[in-house]
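Below is one structure, written out as structure tokens; the observations come after it.
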There are 2 protein chains.
Amino acid sequence: METITENQKIKVAKKIKKMFGHVDRRNIEFCPIRDVMSLASDKWSILIILYLGYYPVLRFNKLRKHIYDISNKVLSERLKMLEGDGYISRKLFAEVPIRVEYSLTDFGHSYLQKLLELTEWAEKHKGTVISNRADYQKST
Amino acid sequence: METITENQKIKVAKKIKKMFGHVDRRNIEFCPIRDVMSLASDKWSILIILYLGYYPVLRFNKLRKHIYDISNKVLSERLKMLEGDGYISRKLFAEVPIRVEYSLTDFGHSYLQKLLELTEWAEKHKGTVISNRADYQKST
DNA sequence: ACACAAGGTATACAAATGGAAACTATTACT
DNA sequence: AGTAATAGTTTCCATTTGTATACCTTGTGT
């Protein structure tokens with residue numbers, strides 16, 4: 001694994017301070033973690049955004065097939081939330097049968113660019129997580 | 001907002017394909033999103049990792065005060081999981097009263113570097129999310 | 001003898017989340 | 001009249017997650 005220098009650690013701490021303003025401000029009116037990330041970094045949200053990053057346009061049932069474990073209810077809820085926060089757009093075509101197309105907004109694409117770095121990290125290091133987890137199991 | 005070009009979209013799609021291997025492989029043995037990120041991108045996990053990125057060493061009760069809304073049970077569970085996956089280390093000092101110090105591992109620091117880009121994005125764009133959310137409420 | 005400290009665990013309960021399956025609306029086709 | 005298709009919604013139920021509170025352990029100070 002690439003080692004992290006003391007210098008990098010200091011830079012990270014500075015970024016965190018800048019991000020949170022005053023690190024321990026309580027009753028913060030709107031917390032980027034609690035209020036933004038908790039929705040956008042949810043497992044289902046990540047999968048939806050990644051699939052819409054790969055397939056530019058997807059309809060409800062296609063999306064559900066790609067994310068092969070999600071129920072109608074949960075997919076529909078997540079799509080509404082992601083639309084509400086502006087990550088995705090929903091286009092309704094009043095045909096018969098009805099047709100609805102989902103796609104990423106520019107805002108969603110902007111998020112995806114950053115999100116992808118994290119999921120790439122996870123993909124790259126998943127082996128480490130697997131073996132850490134196994135070691136920890138044994139040690140208990 | 002900075003616009004995303006078609007070129008960037010194509011690059012992103014390629015990254016996703018590379019990351020997932022074959023995008024629609026089912027029964028994937030270990031999914032980076034479902035199995036790694038779902039733990040590490042959880043709201044509480046993010047807060048724990050960020051606070052340990054800012055304060056290099058924290059004890060249980062200090063950490064709980066910084067994250068001002070978390071119960072003993074949840075904090076203790078999350079710490080165990082994050083330790084199990086290798087993001088944080090737990091050092092026990094057999095003093096009286098007992099002392100336990102939590103800190104990030106190198107692996108945790110590596111994750112934090114990527115995570116931070118996402119949380120910075122969230123902090124930068126939280127205003128957009130607020131107004132998107134308000135508009136969506138009105139429209140329904 | 002008793003309280004206190006730290007770092008939790010245990011217990012009881014409430015609330016949120018998730019899944020399965022049935023159901024809805026619309027219109028065309030058989 | 002019955003069926004089919006799409007995009008969900010609704011209902012019921014089980015599981016998961018979270019909260020609050022009490023409790024535990026160990027040795028020291030009062």
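Letters A, B, ... are given to chains in the order of the sequence lines, protein chains preceding strands, and every chain is numbered from 1. Since the structure is predicted, the reported quantities are computational estimates derived from the model, not experimental observations.
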Next on the checklist: Using the rule given for side chain to side chain contact (heavy atoms under 4.5 Å, CB included), can you reason through Ile88(B) versus Ser103(B), listing the C-alpha separation, both sets of side-chain angles and the distance that settles it, and then say yes or no?
Outcome noted: CA-CA 6 Å; Ile88(B) 67 177; Ser103(B) 55; over 6 Å; no
Checklist entry - Do the ring centers of Tyr55(B) and His66(B) come within less than 6.0 Å of each other? => result yes
Checklist entry - Strictly under 6.0 Å, is that where the ring centroids of Trp44(A) and Tyr51(A) end up? => result no
Tell me the interatomic distance from [X], atom [atom1], to [N], atom [atom2], rounded to whole angstroms.
{"X": "Glu101(B)", "N": "dG8(C)", "atom1": "CD", "atom2": "P", "value": "12 Å"}
{"X": "Leu92(B)", "N": "dT26(D)", "atom1": "CG", "atom2": "C1'", "value": "13 Å"}
{"X": "Leu58(A)", "N": "dA7(D)", "atom1": "CG", "atom2": "C1'", "value": "14 Å"}
{"X": "Lys65(B)", "N": "dA6(C)", "atom1": "NZ", "atom2": "P", "value": "7 Å"}
{"X": "Ile70(B)", "N": "dT17(D)", "atom1": "CD1", "atom2": "C1'", "value": "12 Å"}
{"X": "Arg64(A)", "N": "dG8(D)", "atom1": "CZ", "atom2": "P", "value": "11 Å"}
{"X": "Tyr102(B)", "N": "dA6(C)", "atom1": "OH", "atom2": "P", "value": "15 Å"}
{"X": "Glu95(A)", "N": "dA28(C)", "atom1": "CD", "atom2": "C1'", "value": "13 Å"}

Checklist entry - Any idea which of dA6(C), dG19(C), dG7(C) is nearest the Pro97(B) side chain? => result dA6(C)
Checklist outcome for this item: Of the candidates dT19(D), dA5(D), dA7(D), the side chain of Arg59(A) sits closest to dA7(D)
Checklist entry - In chain order, what residues pass the salt bridge (Lys or Arg N to Asp or Glu O under 4.0 Å) check against Arg59(A), with sequence neighbours excluded? => result none
Checklist entry - How far does the helix from dA1(C)-dT30(D) to dT30(C)-dA1(D) bend, going by the axes of its first and last five pairs, to the nearest 10°? => result 40°
Next on the checklist: Evaluate Leu118(B) against Glu117(A) for side chain to side chain contact (heavy atoms under 4.5 Å, CB included), listing each step before the verdict.
Outcome noted: CA-CA 9 Å; Leu118(B) 206 63; Glu117(A) 296 203 28; over 6 Å; no
Next on the checklist: Return whichever of Ile98(A) or Asp42(A) has its heavy-atom-nearest nucleotide of DNA chain C closer to the 5' end.
Outcome noted: Asp42(A)
Checklist entry - Is there a donor-acceptor pair under 3.5 Å between the side chain of Ser38(B) and the backbone N or O of Arg34(B)? => result yes
Checklist entry - Quick one, which residues of residues 72-90 of chain B touch DNA chain C with a heavy atom under 4.0 Å? => result Asn72(B), Lys73(B), Ser76(B), Lys80(B), Arg90(B)
